[in-house]
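Every chain is numbered from 1 and lettered A, B, ... according to where its sequence line falls, protein lines coming before strand lines.
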Number of protein chains: 2
Amino acid sequence: MLHLLITPDIILLVVRDSIQILQAQGYKITKPRKQVLKALEETQEPLSPYDIQRILRQQGKYLNHVTIYRILDLFRRLNLAHRVLSSGGFVKCALRDKQGCHRLMVCRCCGALQEFIDDKLCQHESELAQNSGFHTEYHLSESSGICSDCYKKQ
Amino acid sequence: MLHLLITPDIILLVVRDSIQILQAQGYKITKPRKQVLKALEETQEPLSPYDIQRILRQQGKYLNHVTIYRILDLFRRLNLAHRVLSSGGFVKCALRDKQGCHRLMVCRCCGALQEFIDDKLCQHESELAQNSGFHTEYHLSESSGICSDCYKKQ
DNA sequence: GCTTAATTGCAACAATGTTGCATTTATTGA
DNA sequence: TCAATAAATGCAACATTGTTGCAATTAAGC
Ligand SMILES: [Mn+2]
Ligand SMILES: [Mn+2]
Ligand SMILES: [Zn+2]
Ligand SMILES: [Zn+2]
């Protein structure tokens with residue numbers, strides 16, 4: 001339901017990219033880490049730690065939930081993934097939002113997520129914050145509404 | 001830590017206002033509901049259901065956690081309160097953000113929250129969404145950064 | 001004061017998240 | 001290729017958070 005066009009090619013590319021980042025920072029490339037990366041990449045929805053465990057289990061792979069929590073925490077710190085605020089799930093960060101700015105639109109009917117980026121918006125928002133002395137580092141925001149599909153159906 | 005100037009006068013005003021809304025919609029004005037409202041109003045931070053339970057217990061008032069969950073759910077539906085996405089807590093909505101648009105800045109050092117409103121920002125964001133067919137109903141977004149106090153200390 | 005529908009409390013349970021420590025594994029370089 | 005070793009994982013035990021069905025209570029209206 002994450003409305004980003006993710007083809008198998010891109011998945012491979014992005015997974016490899018993430019692995020390079022892990023390596024560059026001195027983290028081991030372990031089987032569990034690769035599996036969590038792949039799950040986040042392939043699934044078109046935000047995944048909670050337990051979602052990921054379920055998905056992997058269905059593929060005959062068992063990871064302890066503690067391990068998954070720790071891996072997701074690492075990914076978050078490295079900006080390889082980020083939380084979806086409203087659901088508490090995690091999504092894999094696409095290459096294009098490396099800047100650390102994540103804006104989501106969430107459809108209240110079907111739960112569809114759409115991520116977008118707009119520099120002017122970030123700038124405007126940062127300026128507003130600045131006016132009250134706040135120094136913005138990154139935006140992780142969600143808007144609520146109705147996606148085009150659900151809108152047509154009404 | 002919620003940087004909104006909330007004086008005892010305003011608390012009384014806003015609590016009364018919320019009670020009118022409850023009444024107008026045919027909901028009973030019960031002791032538990034008044035207590036949860038007051039706790040949200042008086043506390044300067046977002047409160048989780050269990051936070052609220054703790055606070056009230058310290059005042060010798062016991063509410064079952066199930067009750068608190070149900071009350072918060074009702075408040076949310078009536079737009080008397082809304083969730084703080086990053087913490088999972090709830091904040092009481094001030095009168096001025098009745099429009100249903102809630103923008104927060106969260107300090108990653110001290111956790112301070114600052115809520116603000118900017119029509120131009122909402123408009124810009126809605127337009128962007130519209131471009132991809134998304135119909136925005138309300139914004140509930142959070143930016144991350146450093147508040148003025150923490151910035152000075154560095 | 002009654003009546004009654006709405007609300008709350010309770011019990012039992014399910015899901016989510018955390019910590020300390022033993023075991024395993026990926027990396028390095030001999 | 002194989003040991004050494006630091007890093008990562010698994011496990012157990014626990015803590016916190018959230019849900020459901022049903023009985024008891026309560027606020028609102030007469
Ligand atoms: Mn992202
Ligand atoms: Mn608000
Ligand atoms: Zn939709
Ligand atoms: Zn601060």
Side-chain angles (χ1 to χ4, degrees), chain A residues 15-16 18-40 45-78 80-90, chain B residues 15-16 18-40 45-78 80-90:
Chain A
V15 166
R16 247 186 242 134
S18 304
I19 286 177
Q20 278 182 1
I21 290 174
L22 282 172
Q23 233 154 11
Q25 312 263 344
Y27 294 100
K28 290 186 181 173
I29 309 306
T30 64
K31 210 155 44 164
R33 282 174 183 167
K34 283 188 280 189
Q35 288 170 348
V36 171
L37 261 180
K38 191 143 174 290
L40 280 173
E45 299 180 30
L47 299 178
S48 74
Y50 286 97
D51 288 339
I52 292 174
Q53 192 178 49
R54 263 184 292 278
I55 287 174
L56 292 176
R57 192 160 38 213
Q58 282 160 12
Q59 304 172 4
K61 297 158 190 162
Y62 173 78
L63 287 189
N64 189 281
H65 69 277
V66 180
T67 303
I68 298 175
Y69 274 96
R70 296 197 269 228
I71 289 176
L72 288 173
D73 214 55
L74 175 64
F75 287 0
R76 201 186 36 70
R77 288 197 307 273
L78 297 179
L80 299 177
H82 64 87
R83 271 181 175 286
V84 171
L85 297 178
S86 55
S87 72
F90 284 82
Chain B
V15 166
R16 249 186 241 133
S18 304
I19 286 178
Q20 279 182 0
I21 290 173
L22 282 172
Q23 233 156 9
Q25 312 263 346
Y27 294 100
K28 289 185 183 175
I29 310 306
T30 64
K31 210 156 44 165
R33 282 174 183 167
K34 282 189 281 188
Q35 288 169 348
V36 171
L37 261 181
K38 193 145 172 291
L40 281 173
E45 300 180 29
L47 298 177
S48 74
Y50 285 97
D51 288 339
I52 293 174
Q53 193 178 48
R54 263 184 292 278
I55 288 174
L56 291 177
R57 193 159 39 213
Q58 282 161 11
Q59 304 172 5
K61 296 160 190 162
Y62 173 78
L63 285 191
N64 190 280
H65 69 278
V66 181
T67 302
I68 298 175
Y69 274 96
R70 297 197 268 227
I71 289 176
L72 288 173
D73 214 56
L74 175 64
F75 287 1
R76 199 186 38 68
R77 289 198 307 274
L78 297 179
L80 299 177
H82 63 87
R83 272 180 174 285
V84 171
L85 297 179
S86 55
S87 72
F90 284 81

Subject >> Under 3.5 Å: donor-acceptor pair, side chain of A/R83, backbone of A/G88 >> reply: yes
**OP:** Would you mind telling me which residue lines up with the more 5' stretch of DNA chain D, B/K31 or A/G26, judged by nearest nucleotide?
**Re:** A/G26
**OP:** Give a yes/no answer on whether the side chain of B/Y50 brings an N or O atom under 4.0 Å of OP1 or OP2 in D/dT17.
**Re:** no
Subject >> Nearest-angstrom distance from the residue atom NZ of B/K61 to P of C/dG9 >> reply: 14 Å
Original post:
For B/R77 and C/dT7, what is the distance between atoms CZ and C1' respectively, to the nearest whole Å?
Top reply: 13 Å
Original post:
DNA chain C: B/Y27 or A/Y69, which has the more 5' nearest nucleotide?
Top reply: B/Y27
Original post:
Any sub-3.5 Å donor-acceptor pair from A/Q23's side-chain atoms to A/K28's backbone N or O?
Top reply: no
**OP:** Find which nucleotide of DNA chain C each of A/V66 and B/I68 is nearest to by heavy atoms, and output the residue with the more 5' nucleotide.
**Re:** B/I68
Original post:
With respect to the phosphate group of C/dT8, does any side-chain polar atom (N or O) of B/T30 fall under 4.0 Å of OP1 or OP2?
Top reply: yes
**OP:** Using a 4.5 Å cut-off on heavy atoms from C-beta on, say whether the side chain of B/L47 contacts that of B/F90.
**Re:** no
Original post:
Hey, does the side chain of A/D73 reach the backbone of A/R70 with a donor-acceptor pair shorter than 3.5 angstrom?
Top reply: no
Original post:
Which nucleotide in the set D/dC11, D/dT9, D/dG18 lies at the smallest distance from any side-chain heavy atom of A/Y62?
Top reply: D/dC11
Original post:
Any N or O donor-acceptor pair linking the side chain of B/H65 to the base of D/dT16 at under 3.5 Å?
Top reply: no
Original post:
With under 30° as parallel and over 60° as perpendicular, where do the rings of A/Y50 and A/H65 fit, or are they tilted in between?
Top reply: parallel
**OP:** Could you tell me the separation between the CD atom of B/Q35 and the P atom of D/dT26, rounded to a whole number of Å?
**Re:** 12 Å
Original post:
To the nearest angstrom, how far is B/L72 atom CG from C/dT8 atom C1'?
Top reply: 14 Å
Original post:
Please give, in whole Å, the distance from D/dA28 P to B/R33 CZ?
Top reply: 10 Å
Original post:
Counting side-chain heavy atoms from C-beta on, which of D/dA13, D/dT17, D/dT19 comes nearest to B/R54?
Top reply: D/dT17
Subject >> Separation of C/dT19 P from A/N64 CG (nearest whole Å) >> reply: 15 Å
Subject >> Distance in angstrom units between B/L56 CG and C/dG9 C1', rounded >> reply: 15 Å
Subject >> Shortest side-chain distance from A/R70, nucleotide among C/dG17, D/dT9, D/dT17 >> reply: D/dT9
Subject >> Side chain of A/I29 - closest among D/dC11, C/dA6, C/dT27 >> reply: C/dT27
Original post:
Just how far, in rounded Å, is P of C/dG17 from CZ of A/R76?
Top reply: 13 Å
Subject >> Given C/dT19, C/dC10, D/dA6, the nucleotide with the shortest approach to the side chain of A/K28 >> reply: D/dA6
